[in-house]
Amino acid sequence: MTDYAVTPFQPIVQGVVTFPDGVGPATPVEFNGEGISAISRPVGFPLGAYLLDLDEGLPGNAGAVQPGTSPISNPNVRTMVTVRGSGVPPISLISTTAVLYLLSPTPGVGADQVLIVMQTFPPAFADPAAGFEIIIWVVQ
Amino acid sequence: MADYAAVPVQPVAQALLTIDAAGNPQVTGRGFSTVVRATANPGDFLITMDEGVGAADVGSGPDFTVGVIGPNGLDPRFARVSLTMRGGTTPPGTTTIQDRSASLTSTPGEGATQIRVTLRNTGNTLTDPMGAGVPNANGSGLEIMVWNGNAGPDNAQAQLVGPLFQGAMQFP
């Protein structure tokens, strides 16, 4: 195979996030895939925000997502989120999606949590009824 | 592990696009050499692929002359681009960027050597992914990834398939 690859993308997380009991304030949220040990809704945000803990047993653990100068400037990680639609024809109603990498309070550990935030338009936090797909790479 | 891979996709560039304190765009990553504002508007960026990128430049590799471009530029039909906004200052980390788009700038005989990225907010206004040197309500940067989505079998390997290349021990 012709090798055009010039920069390493190493996947550390892949999976799909769903809502087994349906969407709604503080309903359970579930992650199926690899690289994530726990998923929850951050305190105070019962809709549209998801906190993913990187698996300690995979390259996504301490140090794999290396520390940046701040939680929002970590240069070594990339994420792709695709929202799944529901209904006929499928639609998600999600207008904006954002990702943040949250640094561990332990110095030198790096980011060990990933925060995903979704909103509709006009801006309001919302869960996508059919869930969303997520892939996270380390790119250094 | 079961091998379901049917389509080779190879990464050729990745970067985090941010705005420096002077208000100029910058890219941190690999595979891109420069970024400038495509127009005077915010949220409109022209990113040039690194001349050393194998898929973007025949001049890749340490033994080639720096500055030689093409003819092995990235075919726009085969480019795959992912754009992801990083969250901003509105808790817990929302973004106002609703529309993220990428277009490839090609030169005949060279292929695509530049990518133009535009970002628009929920009001359909061109918007930077962050403030000057600091995050703002719009976000805290834009993640960009580019793949070559057509890194198929090369001709040399394909020519080795056929009865003439059966091992000698398989014949009576």
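The chains referred to below are lettered A, B, ... by the order of the sequence lines, with proteins before strands, and numbering in each begins at 1.
Partner of Thr96(A) under the side-chain contact (heavy atoms from CB on, under 4.5 Å) criterion, chosen from Thr122(B), Thr96(B), Thr94(B), Ile97(B): Thr122(B).
Side-chain contact check for Trp137(A) versus Met145(B): some heavy-atom pair is nearer than 4.5 Å. Looking only at side-chain heavy atoms (C-beta outward), Leu100(A) and Pro92(B) stay at 4.5 Å or farther from each other. In this structure, Arg78(A) and Leu16(B) have side chains that are in contact, with non-hydrogen atoms separated by less than 4.5 Å.
Taken together through direct or relayed side-chain contacts under 4.5 Å among Ile, Leu, Val, Met, Phe, Trp and Tyr, Leu46(B) and Ile144(B) form parts of separate hydrophobic clusters. Phe125(A) and Leu93(A) sit in two unconnected hydrophobic clusters of ILVMFWY residues. Membership requires side-chain heavy atoms under 4.5 Å apart, directly or through other members. Both Ile39(A) and Val81(A) are part of a single hydrophobic cluster, where members link through side-chain heavy atoms under 4.5 Å apart. Tracing side-chain contacts under 4.5 Å through hydrophobic residues (I, L, V, M, F, W, Y), one never reaches Phe121(A) starting from Val83(A); they form parts of separate clusters. Hydrophobic clustering places Phe19(A) together with Phe31(A) (ILVMFWY residues linked when any side-chain heavy atoms are closer than 4.5 Å, directly or through intermediates).
What you find for Phe9(A) and Ala13(B) is that their closest heavy atoms are CZ-O, 3.3 Å.
When each of Ser95(A), Pro42(A), Pro122(A) is scored by its heavy-atom pairs under 4.5 Å with chain B, the top score falls to Ser95(A).
A donor-acceptor pair is defined here as one N or O able to donate and one able to accept, closer than 3.5 Å; such a pair exists between the side chain of Thr84(B) and the backbone of Thr79(A).
For Leu83(B), no part lies under 4.5 angstrom from a heavy atom of chain A.
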